Each structure stands twice: as C-alpha cells, then as structure tokens.
Amino acid sequence: MIKVLHPGFYTTIQDLGRTNYQHFGVPKSGVMDQRAAKIANALVGNNENEAVLEITMSGPKLEFQTEAIIAITGANLNPKLNSKEILNNRLLKVSESDILSFGNLVSGFRCYLAVSGGLQTRIVLGSKSMYSGITQYDIIKKNDFFSTVKSDISNEKQFSGLKVNDSYLKSSTLEVLKGLEFDSLTTIQKEKLLSKTFKVSKDNNRMAYQLEEHIENNLKPIITSPVIPGTVQLTPSGKIIILMRDCQTTGGYPRILQLTTSAINVLAQKFTGNTISFKLKD
C-alpha cells in the first residue's frame with residue numbers, strides 16, 4: 001500500500017492507454033513518454049503495459065506502508081528516499097514506512113515510478129489510465145491510497161541498475177512524417193515548417209502542445225477527420241498545435257505533420273520556453 005502525503009504538481013496513474021474506443025470519442029490517453037515508462041516497468045519485472053505514476057515537473061511525497069521494489073525513469077526530479085538522494089534507472093527496495101520524495105527539476109519534465117507487481121487500481125475500458133470523465137479522478141490527491149503487490153528480492157540485487165541512454169531528454173529535434181494535408185502547403189510554408197526553430201508556449205499539457213511561432217495559413221478547412229497523438233495541426237490563424245496522449249479523436253484543422261512515437265517521447269519531456277524543430281523522416 002502507498003499513501004499520498006503530497007500529490008505534487010500534476011501526478012497521474014497511466015499505462016499504455018485505451019484502445020478500440022476512439023470511435024466512441026474516448027481518447028487513448030496513456031503515458032506521455034512511453035520509452036521511459038516501459039523502461040521503468042522492465043526494471044521491476046512488470047509487463048510493459050502495467051500502470052505507473054506519471055510525475056510532471058514537481059514530484060509527490062509518498063509513504064510506503066509495505067515493502068516494495070521500485071524504479072524511477074525519465075526526467076531527473078532529484079528523487080530522495082528518506083531524504084537521501086537516489087538515482088534514476090535503478091532497481092530499489094523500499095521498506096515499510098519509507099518516504100519517497102522529489103526535489104528540484106534537473107532535466108526533462110516527466111518521470112515515471114514503477115512498482116513491482118503494478119499499481120492495483122481500477123481498470124476502466126481496458127486501462128488504468130486516468131482521464132477526466134472516464135475515471136473518477138484525473139490526478140492523484142493527498143491521502144489517496146494505492147494497493148501494491150508485496151515483492152521479494154534478495155539484498156544483493158536491490159541496487160542493480162540499467163545503463164540507459166537518456167540523451168533524448170535533451171534532444172530538440174522531432175522526427176515527423178508528412179501529414180495528410182502536408183502536400184497542400186506551399187513550398188515556402190514547407191520550408192519554414194522544416195527549417196525554423198519553434199518555442200513551446202505556456203499552453204502545453206497532456207492534451208496538446210501549442211507553439212509560439214506561427215506559419216501563415218491559407219489552407220481551406222477540412223471536414224472533421226480522425227486525429228491521433230502526434231498529429232500536428234495548423235489553425236486558420238497559423239498557430240501550430242501538436243496533439244498529445246489525451247487529445248480528442250477528431251479535428252477540423254489541416255493535419256500537416258505526424259510525430260513518430262519517439263518524437264512524442266521527446267516532446268513529452270519539454271515545457272514552456274523549450275525549443276523544438278521538425279525533421280522529416282527519410
């Protein structure tokens with residue numbers, strides 16, 4: 001059992017999301033950075049789709065009320081166990097009454113906490129992912145309790161780790177494919193889109209990231225059509241919107257680019273003021 005002493009800035013429970021419900025208007029949701037979440041689950045021996053805590057910018061304070069095996073991956077939020085600094089990408093044994101907390105953001109934006117056996121929370125429409133209107137709550141709250149499976153591990157293994165290449169946390173390049181309306185752009189628009197550096201605006205969240213710089217838009221509106229996480233839309237005003245894991249299932253703005261899965265992982269680790277650029281995949 002884990003007790004939430006403090007929820008942090010924006011902490012949710014996520015797995016790899018919901019499938020086969022988009023035609024009902026249900027977003028896929030799921031972890032923003034799939035790479036980090038899968039590594040966390042791999043470290044503790046879970047299935048890659050097991051639910052984890054997605055921790056954004058400022059971490060929670062958690063009390064473990066039973067022994068557990070944990071791993072933290074993704075952004076470096078200066079994690080501490082009983083006020084002692086611990087490292088990401090390592091397998092750690094926690095004991096009853098241990099306190100896990102987080103400090104200042106060092107790199108990235110979102111980190112992931114996996115617990116061996118997973119978080120035993122309710123499955124709704126095939127997923128444990130929190131989403132407003134689908135699950136009872138959309139973020140964790142103070143004094144919440146999460147059931148866990150008691151784990152057993154030998155002492156000599158408790159500090160084992162995994163060599164992880166986290167260079168993507170510092171990457172600013174988003175690998176993209178041509179969107180369905182890409183060829184409707186002019187040559188000049190395409191050149192600007194693929195050569196400019198863009199800045200993440202303050203309007204960024206699990207639903208979408210908006211960019212500060214605009215691209216002149218003279219495209220005709222499209223009939224409302226399917227969109228997916230990673231779809232890059234161009235609004236009539238020239239604003240660029242990149243849809244993320246909690247995005248709607250349809251949209252009426254031209255779909256000019258499509259982020260690859262790895263690019264979504266990169267963008268998930270960005271926040272206000274960070275810069276990105278698009279690179280067309282060969």
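Computed from a predicted model, the values in this text were never measured in an experiment. In what follows, every heavy atom counts, from backbone to side chain, and hydrogens, waters and symmetry copies are set aside.
Thr173 and Ser171 share no side-chain donor-acceptor pair at under 3.5 Å. Asp166 and Asn89 share a side-chain donor-acceptor pair at under 3.5 Å.
Looking at every heavy atom in both residues, Ser101 comes nearest to Lys61 through CB-CG, 4.3 Å. When every heavy atom of Val115 is checked against every heavy atom of Asn46, the shortest pair comes out as O-ND2, 2.9 Å. Looking at every heavy atom in both residues, Thr235 comes nearest to Asn217 through O-ND2, 2.7 Å. The shortest heavy-atom contact between Arg90 and Leu87 is CD-CB, 3.5 Å. In terms of heavy atoms, Pro254 sits closest to Lys220 at CG-O, 4.0 Å. Closest of all the heavy-atom pairs between Leu77 and Leu105 is CD1-CD1, 3.4 Å.
Residue pairs meeting the side-chain hydrogen bond (donor to acceptor under 3.5 Å, both in side chains) criterion with at least one partner in residues 194-205, sequence neighbours excluded, are Asn204-Thr272. Among residues at least two apart or in separate chains, ring pair (Phe, Tyr, Trp, His ring centres under 6.0 Å) pairs with a member in residues 246-279 are Phe109-Phe271, Phe198-Phe278.
Both Leu62 and Phe146 belong to a common hydrophobic cluster when Ile, Leu, Val, Met, Phe, Trp and Tyr are linked at side-chain heavy-atom distances under 4.5 angstrom. Ile99 and Leu113 are members of different hydrophobic clusters when ILVMFWY side chains are connected at heavy-atom separations under 4.5 Å. Hydrophobic cluster membership is shared by Val200 and Val176, with clusters built from Ile, Leu, Val, Met, Phe, Trp and Tyr side chains linked at under 4.5 angstrom.
Atoms CG and CG, on Leu5 and Asp144 in that order, are 11.0 Å from each other to the nearest 0.5 Å. Of the inter-residue distances, the one linking Ser129 atom OG with Glu54 atom CD reads 9.0 Å to the nearest 0.5 angstrom. Here the straight-line distance linking atom CG of Leu234 with atom NE2 of His214 works out to 9.5 Å at 0.5 Å rounding. Between Asp15 atom CG and Glu48 atom CD the span is 11.0 Å, to the nearest 0.5 Å. Between atom CD1 of residue Ile140 and atom CD1 of residue Ile55 there is a gap of 7.5 Å, rounded to the nearest 0.5 Å.
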Practice problem: Kindly determine whether Val266 and Leu174 satisfy side-chain contact (heavy atoms from CB on, under 4.5 Å), including the steps that lead there. | Solution: CA-CA 7 Å; Val266 170; Leu174 304 183; 3.7 Å; yes

Quiz item: Under the side-chain contact (heavy atoms from CB on, under 4.5 Å) criterion, do Lys80 and Phe102 qualify, and how do the steps go?
Solution: CA-CA 6 Å; Lys80 297 179 177 66; Phe102 296 82; over 6 Å; no

Quiz prompt | salt bridge (charged side-chain N to carboxylate O under 4.0 Å, His left out) assessment of Lys28 paired with Asp246 | solution = CA-CA 6 Å; Lys28 183 176 176 61; Asp246 280 351; over 6 Å; no

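Tested against Leu100 for a side chain to side chain contact (heavy atoms under 4.5 Å, CB included), the candidates Leu53, Asn82, Ile2, Ile86 yield a single pass: Ile86. Shown are Lys38, Gln14, Gln269, Arg245; of these, the side chain to side chain donor-acceptor pair (under 3.5 Å) with Asp33 is made only by Gln269.
Without hydrogens or angle criteria, Glu67 side chain to Phe64 main chain gives no donor-acceptor distance under 3.5 Å. A donor-acceptor contact shorter than 3.5 Å is absent between the side chain of Thr231 and the backbone of Val227. Under the 3.5 Å distance criterion, the side-chain polar atoms of Thr73 are matched with a main-chain donor or acceptor of Ala36. Between the side chain of Glu181 and the backbone N or O of Pro221, no donor-acceptor pair lies under 3.5 Å.
Remark: Ile123 engages Lys128 in a side-chain contact (heavy atoms from CB on, under 4.5 Å) (not counting sequence neighbours).
A cation-pi arrangement is found for Lys141 relative to Tyr137, the charged atom lying closer than 6.0 Å to the ring centre and inside a 45° cone about the ring normal.
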